[in-house]
Amino acid sequence: MQIVILRDSDEVAEYGANLIINQLKRKPDSVLGLATGSTPVSLYQRLIVANQAGTVSFKAVTSFNLDEYLGLAASHPQSYRYFMNSQLFDAIDIDKANTHVPPGDAEDPIAACEAYEAQIQAAGGIDIQLLGIGRNGHIGFNEPSSGLMSRTRVKTLTKATIEDNARFFGEGEYQPHLSITMGIGTILDARKVLLLATGESKAEAIRAAVEGALSASCPASALQLHRDAVLVIDEAAASKLADKAFYRHIEVENQQLQARLAALKVNR
């Protein structure tokens, strides 16, 4: 794991956006794994600005979202397809035919899960997977007790996740308790994983994911197994880490190494 501790949520969003922009500059036809929720919104806003300024294009990009509420059609204002269209896709030059979100209104959800896995494989796999993290350590809708090698499947949401997401639903509005989500094994298949976390409410989950045991009780701890996982967090989310000074030292060393490597390429 690479642990990047930054000052605040703006710096976290900027760092994450730059990673994705650099990925697209290296490989314009990248396959992106995308996430919903409040944390990625600022990152998406930066991607929109970069696209509209001509810094980066999404014309050749394929995307796969982590999850969707089961029981909501794509047109529902609380669906994650609706979120992605309004927060990103409608404002950039991506071909929406190349954007994929699990079908929340699938007649056969089990078959839909298998088809989603097949689509990811047919696209060549995910180059960079964006993640948030829940207060209970969930990634996607992989709640505590999820198998660490699980694949895309139907998942029951915990009471804590339902309560956290209730703010997005109006009083009396139907709120699903089931989802379709990429599995932890599916996430680990991505060539690079980028997890963003901000705020003190995520501090315990970050501590468990980074410094705790590898355990299904904290699904995000599975990222300890990934060879290229980058956790970009602000000071508040890092507040319960025991080895913050060490992570900062490593990041400085990494930046100096990258600078030396870049200089060698220029001088060749």
Side-chain angles (χ1 to χ4, degrees), residues 8-9 12-13 33-44 65-84 86-87 101-106 109 113 129-148 150 152-184 186-187 195-210 212-213 215-223 231-241:
D8 55 28
S9 59
V12 168
L34 300 177
T36 55
S38 55
T39 304
V41 170
S42 293
L43 181 149
Y44 292 153
N65 261 75
L66 279 167
D67 44 25
E68 178 61 281
Y69 287 115
L70 190 60
L72 297 189
S75 59
H76 192 288
Q78 300 305 334
S79 76
Y80 285 168
R81 163 57 77 176
Y82 190 97
F83 175 99
M84 291 306 304
S86 62
Q87 295 295 333
V101 180
D105 58 352
C113 293
Q129 175 66 61
L130 178 64
L131 297 175
I133 186 171
R135 288 188 301 124
N136 61 6
H138 75 240
I139 48 177
F141 273 137
N142 294 287
E143 302 282 20
S145 79
S146 293
L148 298 184
S150 54
T152 300
R153 68 208 190 285
V154 174
K155 197 75 177 72
T156 302
L157 306 182
T158 64
K159 183 178 179 181
T161 297
I162 292 168
E163 290 174 350
D164 281 348
N165 291 348
R167 66 188 188 279
F168 300 116
F169 293 83
E171 186 176 352
E173 185 178 8
Y174 169 68
Q175 182 181 356
H177 291 192
L178 296 172
S179 69
I180 294 178
T181 183
M182 284 188 197
I184 296 174
T186 312
I187 291 168
L195 184 148
L196 309 183
T198 61
E200 191 174 354
S201 65
K202 303 298 178 69
E204 179 55 36
I206 288 295
R207 185 208 62 75
V210 175
S215 170
S217 65
C218 178
S221 68
L223 298 181
L231 278 63
V232 186
I233 59 181
D234 67 0
E235 290 283 357
S239 61
K240 294 189 178 181
L241 291 174

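Just so you know, these numbers use all the heavy atoms, side chains as well, and skip hydrogens, waters and symmetry mates.
Side chain of D234 to backbone of G199: a donor-acceptor contact under 3.5 angstrom is found. Of the possible polar contacts, none joining the Q78 side chain to the Q175 backbone as a donor-acceptor pair under 3.5 Å is found.
With sequence neighbours left out, Y174 forms a ring-ring contact (aromatic ring centres under 6.0 Å, His included) with no residue at all. In this structure C218 satisfies the side-chain contact (heavy atoms from CB on, under 4.5 Å) test together with A208, A209, A220, S221, sequence neighbours excluded. With sequence neighbours left out, E173 forms a salt bridge (Lys or Arg N to Asp or Glu O under 4.0 Å) with no residue at all. Partners of S217 according to the side-chain hydrogen bond (donor to acceptor under 3.5 Å, both in side chains) rule, which considers only residues two or more places apart in sequence or in another chain, are S215.
Contact detail for L231 and V210: the closest heavy-atom pair is CD2-CG2, 3.6 Å. Taking both residues in full, the closest heavy atoms of P40 and G37 are given as CD-O, 3.1 Å, listed atom of the first, atom of the second, then distance. Taking every heavy atom of both residues into account, I184 and P219 meet most closely at CD1-CB, 3.8 Å. Scanning all heavy atoms of the two residues, the minimum distance from L66 to L130 falls at CD1-O, 3.7 Å. Counting all heavy atoms, side chain and backbone alike, A197 lies closest to A237 at O-CB, 3.6 Å.
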N/O donor-acceptor pairs under 3.5 Å from side chains in residues 133-148, not counting sequence neighbours:
unit_1	atom_1	unit_2	atom_2	d
R135	NE	D164	OD1	3.1
R135	NE	D164	OD2	3.0
R135	NH2	D164	OD1	2.8
R135	NH2	D164	OD2	3.4
N136	OD1	H138	N	3.1
N136	OD1	H138	ND1	2.9
N136	ND2	E143	OE1	3.0
N136	ND2	T158	OG1	3.4
H138	ND1	E143	OE1	3.3
H138	ND1	T161	OG1	3.2
N142	OD1	R153	NH1	2.7
N142	OD1	R153	NH2	3.0
N142	ND2	I139	O	2.9
N142	ND2	M182	O	2.8
E143	OE1	T161	OG1	3.1
E143	OE2	T158	N	3.1
E143	OE2	T158	OG1	3.3
E143	OE2	T161	OG1	2.6
S146	OG	E143	N	3.1
S146	OG	E143	O	2.6
S146	OG	R153	NH2	3.1

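In this structure, the side chains of E68 and S79 come closer than 4.5 Å at one or more pairs of heavy atoms. Within the 4.5 Å cutoff, side-chain heavy atoms of D105 are placed close to those of P103. Put simply, the side chain of P102 does not reach to within 4.5 Å of the side chain of T181, judged on heavy atoms. Taking the side chain as every heavy atom from C-beta outward, T36 and Y82 never approach each other to under 4.5 Å. Using a 4.5 Å heavy-atom threshold, the side chains of K202 and I233 count as separate.
With rounding to the nearest 0.5 angstrom, the OG atom of S9 is 12.0 Å from the CG atom of L43. For the atom pair K240 NZ and E200 CD, the distance stands at 7.0 Å (nearest 0.5 Å). Once rounded to the nearest 0.5 Å, the distance linking CD of E235 with OG1 of T198 reads 12.5 Å. Atom CG in L70 sits 13.0 Å away from atom NZ in K155 (nearest 0.5 Å).
Between Y69 and F168, the distance separating the two ring centers is not shorter than 6.0 angstrom.
Among residues at least two apart or in separate chains, there is no salt bridge (Lys or Arg N to Asp or Glu O under 4.0 Å) pair with a member in residues 33-44.
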What do the steps show when you test Y44 against L34 for side chain to side chain contact (heavy atoms under 4.5 Å, CB included), and what is the final call? CA-CA 10 Å; Y44 292 153; L34 300 177; 3.6 Å; yes
